Number of protein chains: 2
Amino acid sequence: MYTPGQVAEETGFSIDTLRYYERIGLLERVERNSAGQRRFSEEDVGWLGMVRCLRDTGMPIAEMLRFAALVRDGEETIGDRITLLEAHDQEVEEQIALLRERQTAIRRKIQYYRDVLALRAEVDSDPPLPEPASHKTSEEHASH
Amino acid sequence: MYTPGQVAEETGFSIDTLRYYERIGLLERVERNSAGQRRFSEEDVGWLGMVRCLRDTGMPIAEMLRFAALVRDGEETIGDRITLLEAHDQEVEEQIALLRERQTAIRRKIQYYRDVLALRAEVDSDPPLPEPASHKTSEEHASH
DNA sequence: GGTTGACCTGGAGTGCACTCCAGGTGACAT
DNA sequence: ATGTCACCTGGAGTGCACTCCAGGTCAACC
């Protein structure tokens, strides 16, 4: 049995968020002690671990609620749970791929800036080089 | 010169979003034709490509505005731009690492569900196996 | 017996990033 | 002339996921 503070500590959700999750039904009615304070079970904490995974991977709350409903409805929904999680896994895969792609572009940009600096340093240290006619370098972001 | 519709098409930002970006200064005052309609330059579109990278990798608008300000302030800010982008690149790296980690946990869960199904199929086909005393498998999510 | 400190409730407020709307303009096709 | 289409403006509204608040309850320590 864990106090709200302990669970907040362990799961990284704030106490307010835990209450919020209970209110909207993402967390099943948590037990209380005699004073009406929440006492989270091991199972609650385990479920919150799952919620954390799903949330950190961008699953909207509405879908987590659907998943929670499946879990509540017992073993006969395991097939559906697999389907749901696999679809989500696929989305995570795509998220990562997009991130990597964008990251590559950002790194190219960084390299571009580095090149500009290097070039400037070179020009500053050398006496003016013989330069081809036109100028006006039209700056960067024709990026691709 | 591109019409708003074309830019929306190319960059994936809605026309409303383009207007919004201009309003808040993320996009510099876009040129207009005689009728007051926007005509985006090649440079605008290039910049929007950068904005897309940053946005897709989770950079908040406030920070994109800081970056935009650096770009506006000319070449002497290139060092700062590199610093900013490198910090962001680092964050993207961490994002991806977290995503991968959570994904692994989700996949473990999927596998767990698969095992449950497999086990059930086995039990259903065989006659009841000799089973140790206690029951009530306390269900899943003590995940790890 | 008084003061922390951790918790409770219902409900209101926040921040972010858009998104929508009403009412209007100008260019072009039928 | 009459649509209709793509665009314009300022401002209001939306959706999501929290986060905060006022006022209150217990238990425990000084």
Side-chain angles (χ1 to χ4, degrees), chain A residues 1-41 44-45 47-68 88 91 95 98 102, chain B residues 1-41 44-45 47-48 50-68 88 91 95 98-99 102:
Chain A
M1 286 293 145
Y2 302 83
T3 66
Q6 287 168 337
V7 176
E9 173 81 13
E10 265 185 58
T11 64
F13 292 120
S14 76
I15 293 184
D16 267 323
T17 299
L18 293 173
R19 282 199 280 253
Y20 168 67
Y21 283 170
E22 188 179 347
R23 244 189 281 184
I24 64 172
L26 186 53
L27 197 49
E28 225 157 336
R29 205 86 203 122
V30 176
E31 281 185 58
R32 307 308 178 97
N33 68 3
S34 59
Q37 297 187 334
R38 286 172 183 79
R39 291 302 117 121
F40 294 80
S41 69
D44 290 331
V45 174
W47 169 245
L48 284 168
M50 189 70 206
V51 170
R52 175 141 290 285
C53 280
L54 298 177
R55 205 208 73 158
D56 283 354
T57 49
M59 183 182 284
I61 283 183
E63 198 173 348
M64 290 199 272
L65 285 174
R66 293 204 297 116
F67 184 64
H88 184 60
E91 277 164 36
Q95 249 186 91
L98 181 67
R102 299 309 193 211
Chain B
M1 287 292 143
Y2 302 83
T3 66
Q6 287 168 338
V7 175
E9 172 81 13
E10 264 185 58
T11 64
F13 293 118
S14 76
I15 294 185
D16 266 322
T17 298
L18 293 173
R19 283 199 279 254
Y20 168 66
Y21 283 171
E22 187 178 348
R23 246 190 277 185
I24 64 172
L26 186 54
L27 198 50
E28 224 157 339
R29 205 87 204 120
V30 175
E31 281 185 58
R32 309 306 178 98
N33 69 3
S34 58
Q37 297 187 334
R38 286 171 183 79
R39 289 303 117 118
F40 293 81
S41 68
D44 290 330
V45 174
W47 168 246
L48 284 168
M50 188 70 205
V51 170
R52 174 141 292 285
C53 280
L54 298 177
R55 205 209 72 158
D56 283 353
T57 50
M59 182 182 285
I61 283 184
E63 198 173 347
M64 290 200 271
L65 285 174
R66 293 204 299 116
F67 184 66
H88 184 59
E91 277 163 36
Q95 248 186 92
L98 181 67
L99 241 31
R102 300 309 193 210

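Quantities reported herein were computed from a predicted structural model and do not represent experimental measurements. Within every chain, numbering begins at 1; the chains are lettered A, B, ... in the order of the sequence lines, protein sequences first and strands thereafter.
- Chain B approaches DNA chain D within less than 4.0 angstrom (heavy atoms of the protein), and the contacting nucleotides run 5' to 3' from dA6(D) to dG11(D).
- A heavy-atom distance below 4.5 Å is not found between the side chains of Phe67(B) and His88(B).
- Nearest heavy atoms, Trp47(A) versus Ala68(A): CZ2-CB, 3.6 Å.
- Contact record, Leu99(B) with Asp56(A): CD1-O, 3.5 Å, taken as the closest heavy-atom pair.
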**Message:** For a salt bridge (Lys or Arg N to Asp or Glu O under 4.0 Å) check, start with the C-alpha distance between Glu31(A) and Arg38(A), then their side-chain angles and the critical distance, and finish with the verdict.
**Reply:** CA-CA 6 Å; Glu31(A) 281 185 58; Arg38(A) 286 172 183 79; over 6 Å; no
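- The heavy-atom pair separating Asp44(A) from Leu27(A) by the smallest distance is O-CD1, 4.4 Å.
- Looking at residues two or more places apart in sequence or on another chain, you find a side-chain contact (heavy atoms from CB on, under 4.5 Å) between Glu63(B) and Met59(B), Pro60(B), Arg66(B), Leu84(B).
- Residue Arg19(A) is classed as a base contact, given a heavy-atom separation below 4.0 Å to a base.
- Put simply, the side chain of Val51(B) reaches to within 4.5 Å of the side chain of Met64(B), judged on heavy atoms.
- For the pair Val30(A) and Arg39(A), the minimum side-chain heavy-atom distance is 4.5 Å or more.
- Residues of residues 53-65 of chain A that place a heavy atom closer than 4.0 Å to DNA chain C do not occur.
- Using bins of under 30°, 30° to 60° and over 60° for the plane-to-plane angle, the ring pair Tyr21(B)/Phe13(B) lands in the perpendicular bin.
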**Asked** Using a cut-off of 4.0 Å between protein heavy atoms and nucleotide atoms, how would you tag nucleotides 1-6 of chain C 5' to 3' with B, S and -?
**Response** -----B
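- Residue pairs satisfying the salt bridge (Lys or Arg N to Asp or Glu O under 4.0 Å) criterion with at least one member in residues 9-18 of chain B, sequence neighbours excluded, are listed as follows: Asp16(B)-Arg19(B).
- DNA chain C lies under 4.0 Å from at least one heavy atom of each of the following residues of residues 20-31 of chain A: Arg23(A).
- Residues Leu98(A) and Arg102(A) are in side-chain contact: their nearest non-hydrogen atoms beyond the backbone lie under 4.5 Å apart.
- Between Gln6(B) and Met1(B), the closest heavy-atom pair is OE1-O, 4.1 Å.
- If you measure from atom CZ of Arg32(B) to atom C1' of dA27(C), you get 18 Å, rounded to the nearest angstrom.
- To the nearest 0.5 angstrom, Leu54(A) atom CG is 11.0 Å from Ile61(A) atom CD1.
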